[in-house]
Amino acid sequence: MLNFFMLQLFLYFPEDKTEYIPAGITFVIFFIAAIFVFRYIIKVSKRESQKAEALEEQLRREKVIKD
């Protein structure tokens, strides 16, 4: 019972719905930033994968590693 009461202390639903606007703007900014960071990580990962494949092919040609 005490646990339920403690959780209710942090709930707040404003009467004036314009108080949601700053939170919405902040959410949109961070969501867009997260999308860009995710796409950047994918791009860097592909680039590193291509470098690893090129190095592997070079080592195969030099007979350092075998199939």
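Remark: Tyr20 pairs with Phe13, Pro14, Lys17 by the side chain to side chain contact (heavy atoms under 4.5 Å, CB included) rule, at least two apart or across chains. Every residue two or more places apart in sequence or in another chain that forms a salt bridge (charged side-chain N to carboxylate O under 4.0 Å, His left out) with Lys51 is listed here: Glu48. Judged as a side chain to side chain contact (heavy atoms under 4.5 Å, CB included), and not counting sequence neighbours, the contacts of Arg39 are Ile35. Listed by chain and number, the residues in a salt bridge (charged side-chain N to carboxylate O under 4.0 Å, His left out) with Glu19 amount to none (sequence neighbours excluded). Remark: Thr18 pairs with Asp16 by the side chain to side chain donor-acceptor pair (under 3.5 Å) rule, at least two apart or across chains.
Pairs engaging residues 32-61 under the ring pair (Phe, Tyr, Trp, His ring centres under 6.0 Å) rule: none recorded [sequence neighbours left out].
Once rounded to the nearest 0.5 Å, the distance linking CD of Gln58 with CD of Glu62 reads 4.5 Å. A distance of 11.0 Å separates CG of Leu55 from CZ of Arg60, quoted to the nearest 0.5 Å.
Side chain of Ser49 to main chain of Ser45: no donor-acceptor pair is present (N/O by atom type, distance under 3.5 Å, no hydrogens or angles).
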